[in-house]
Amino acid sequence: MNKIHELSETLTNQIAAGEVIERPASVVKELVENSLDAGATRIRVDFVDAGLKQIVVQDNGTGIARDQVDLAFTRHATSKIANEHDLFKVATLGFRGEALASISAVSHVEILTATEGAIGIRANFSGGNKKGQEDAAARQGTKITVKDLFFNTPARLKYLRSPRTEIMKIVDIINRLALGYPYVSFTLSNTGKVLLRTTGNGNLKQTVANVYGRHIAEKMQEFSAKDSDFKIEGLMSKPELTRSTRNFISILLNGRYIKNFQLNTAIMDGYGSKLAARHYPIIVLAIKVDPLLVDVNVHPTKQEVRLSKEKELGRLITSAISNALVEKVEQTSAFANLENKRETLVDQLSFNLNQDVVNTARKKDPEIREQERPDFLTTKSDSSVNVASVEPDKDSNELKYVDLNLPREDKQYVITKTWNQNVALQQNLTPFPTTKSDQEVISSGDETLANNMPALSYVGQTDTYLIAQHNGDLFLIDQVAARRRLQFEQILQMITAKKVIQQGLLTPIILEFGNLDFMQIKTQIDQIKRVGIYLEDFGQNSFIVRSYPTWIHDNVEDSIRKILDSYLNIDQGQADKLFARIAAEQARREVTGKIKVSAAEAEQILLDLRKCTDPYHDADGRIVLVRMSQNELRKMFKKDE
């Protein structure tokens, strides 16, 4: 049996570092939080090789006194709390005194610091041990350089993700801190390239513009509320401006970025049904609360806290957001937020578009209970399923009927499948087509109908609908839905062409983005080129566009931004599924309402609809046309009574 023994100081420091320093972003977080606690108003962060090779954090804070430098690199040494009572009213970002000791245990650290009016000092630490110290010229503040992170714990490197992911983690940390401290000027650069620069003028909206981009900041609105315990304020996006993840929700408790599921839920409840399903707002929520109501000592990274009166805070947040939306935000459609997707099952179709339909009307016999049986659909490839329309016997006022369980062949009827055979045929159809790619979900029955639309003859039009007929059946066509369907198919064909035709711009468009959005778009430039949008890096988190695809007809900049937003809201590797969505959204923007069409134009719409892959629905799944058969019309006018 192994004996119990006390671990060495070096080993305990490395173990502690494993809890606090998980990745390069953890180093950046701890050092910047120290700078903020030191009262800095200007903080600069530079890193190389995703932070593994070098991280430099420089501030203009109070600095560290000469005789306290060694103490600062000792575990559990801090100036932020003095006794156990202070632990329950922590007003600073850090308080455990572990950061510098943990960082120096797994890297080479150099610190250059000076207090007001004093000579500066430079000290070096490596693997938890001090290597040297000397006087140096320095301005008031502190500059810490971390090199070769995890040099003595190489196993830790295996668990790091790609350099791009680690860079985005660092960017995300600085973004949150900048939003929490708008009166502090932040500069973040990667190998000399500036990723973020904030003014530090205390204007939260200006900081949001620096972090997320000007076009997003312009669509943010202020909100605020308070009660006896909490004061909340911040900026929130309108319901039409969303992202596909919760990463753009920033909850800042006394300046500290926290993660809290209940408060996230309160934010979503404030928006209610105004958000589309699986879409989340961009919001910066600053909460001011007495430190006595918060316990921050529950998580190694201090991103999770315990809150007293959490339910009351949640209700305050929900009411503040909902009130702001009622006052300033236009109502948007909530249908996209329904969990149950649109279904168009075969037995739910209210009309049958086959040219020939079996008349299943029964004789008026008191012993036979009348019931309606649906008209089943047939595939074009099944020649044996040839159903015919049954006309009333001219010599009798009583309608004939067909028993679908008894196939028959005579002068008036043709052979049809039996009722049971038709049921078996429908049950064997797959519930969803397997050849569609992220277009509208339609049933196999609808797929059978596709390319089988009858040749309609134009009759006239109302204010909204076109009227047509075929073999005595009446058809109503939603003019707007039909035009959107045609526009969708045309745009989709142009997008998926091998070479998308371009139109040059007389004045190039400059598109500015937040640093995270810029990095994400940059990784998808090749995919974006496939739809005909060519982006060039223009520096300072911006792209320049010199041409645009010809399927964009007006408001070029707004259309391109909406398309790029679609790429920001989809996981990488699924970009191909965006083609249909982009075409549908563009068709919706271009066909905005009903117009008066001439007879020739109406006939052309009917002709073009027959060439569509699905002439019965637009790209959003809305019905394009409905049919009223002769029998249905007779019933409407009670001709059979």
Side-chain angles (χ1 to χ4, degrees), residues 29 32-33 35-37 39-45 59 91-93 171-188 194-227 230-243 246-260 263-264 266-268 270-271 280-289 294 303 313 316-325 327-329 512-518 540-541:
K29 174 182 178 294
V32 174
E33 286 183 350
S35 296
L36 291 169
D37 288 340
T41 58
R42 292 193 306 275
I43 300 174
R44 181 179 182 89
V45 180
D59 65 61
T92 54
L93 296 176
V171 171
D172 184 60
I173 288 291
I174 300 300
N175 284 349
R176 311 284 189 183
L177 291 169
L179 293 171
Y181 291 83
Y183 50 85
V184 177
S185 173
F186 288 86
T187 302
L188 174 68
V194 175
L195 301 179
L196 173 68
R197 181 180 285 118
T198 66
T199 59
N201 61 3
N203 188 328
L204 180 58
K205 200 161 201 175
Q206 177 66 54
T207 304
V208 169
N210 297 141
V211 172
Y212 294 136
R214 178 175 53 83
H215 72 289
I216 287 182
E218 290 173 347
K219 298 178 182 178
M220 303 279 278
Q221 67 180 82
E222 297 179 354
F223 69 97
S224 62
K226 64 178 180 179
D227 60 14
F230 303 98
K231 178 183 178 182
I232 65 173
E233 58 184 1
L235 292 171
M236 53 183 280
S237 64
K238 297 179 181 179
E240 60 268 22
L241 178 61
T242 59
R243 289 291 182 265
R246 293 184 175 90
N247 291 340
F248 290 81
I249 297 177
S250 297
I251 302 175
L252 304 156
L253 183 66
N254 292 339
R256 182 194 308 277
Y257 168 64
I258 64 169
K259 297 178 180 178
N260 187 293
L263 298 187
N264 274 344
I267 291 171
M268 299 302 294
Y271 279 88
Y280 305 94
I282 301 173
I283 186 167
V284 181
L285 170 62
I287 305 170
K288 298 295 182 183
V289 60
V294 185
Q303 287 191 353
L313 176 59
L316 183 65
I317 293 170
T318 300
S319 63
I321 293 174
S322 60
N323 290 339
L325 289 173
E327 293 174 2
K328 299 182 180 179
V329 179
E512 298 178 354
F513 292 92
N515 41 38
L516 288 176
D517 287 349
F518 175 81
Q540 292 295 314
N541 297 333

Sidechain-backbone polar pair: T41 side chain, V184 backbone, donor-acceptor under 3.5 Å: no
side-chain contact (heavy atoms from CB on, under 4.5 Å) against K259, all qualifying residues, sequence neighbours excluded: Y257, Q303
Side-chain heavy-atom pair N264, I249 within 4.5 angstrom cut-off: yes
For the student: nearest non-hydrogen atoms of K288 and N254, plus distance: CA-OD1, 3.5 Å
Exceeds 12 heavy-atom contacts within 6.0 angstrom, atom CZ of R243: yes
Heavy-atom closest pair, residues L325 and G270: CD1-O, 3.7 Å
Over all atoms of both residues, closest heavy-atom pair of N201 and N203: OD1-N, 3.0 Å
Pairwise side-chain contact, L204 with E222, heavy-atom cut-off 4.5 Å (strictly under): no
Option passing side chain to side chain donor-acceptor pair (under 3.5 Å) with N515 (candidates N541, D172, N175): N175
Heavy-atom side-chain proximity of Y181 to L93 below 4.5 angstrom: yes
Candidate pair I321 and I283, rule side-chain contact (heavy atoms from CB on, under 4.5 Å), full reasoning: CA-CA 10 Å; I321 293 174; I283 186 167; 3.7 Å; yes
4.5 Å side-chain heavy-atom contact, L253 and N260: no
Whether R42 side chain and S185 backbone form a donor-acceptor pair below 3.5 Å: no
Minimum-distance pair of heavy atoms, taken over all atoms of L241 and S237: O-OG, 3.0 Å
Steps toward side chain to side chain donor-acceptor pair (under 3.5 Å) verdict (S250, R176): CA-CA 7 Å; S250 297; R176 311 284 189 183; 2.7 Å; yes
Point-to-point distance, once rounded to the nearest 0.5 Å, from CG of L263 to CD1 of I317: 4.5 Å
Flag side-chain contact, heavy atom, 4.5 Å: P281 against M268: yes
Side-chain (T318) to main-chain (A266) donor-acceptor, under 3.5 angstrom: yes
Donor-acceptor contact below 3.5 Å, side chain Q221 vs main chain A324: yes
Spacing of L235 atom CG and S224 atom OG [to the nearest 0.5 Å]: 10.5 Å
CA sep, side-chain torsions, deciding dist, call: I173, V32, side-chain contact (heavy atoms from CB on, under 4.5 Å): CA-CA 9 Å; I173 288 291; V32 174; over 6 Å; no
Exam field: side chain N210 to backbone L196, donor-acceptor pair closer than 3.5 Å: no
Spacing of CG belonging to L36 relative to CG belonging to L177, to within rounding of 0.5 Å: 6.0 Å
Donor-acceptor contact below 3.5 Å, side chain K219 vs main chain E240: no
Ring pair (Phe, Tyr, Trp, His ring centres under 6.0 Å) pairs, two or more places apart, involving residues 195-222: Y212-F248, H215-F513
Any side-chain heavy-atom pair of I251 and I267 under 4.5 Å: yes
From NZ (K205) to CZ (R214), nearest 0.5 Å: 12.5 Å
Heavy-atom side-chain contact between V211 and V284 under 4.5 Å: no
Non-hydrogen side-chain atoms of F186 and T207 separated by less than 4.5 Å: no
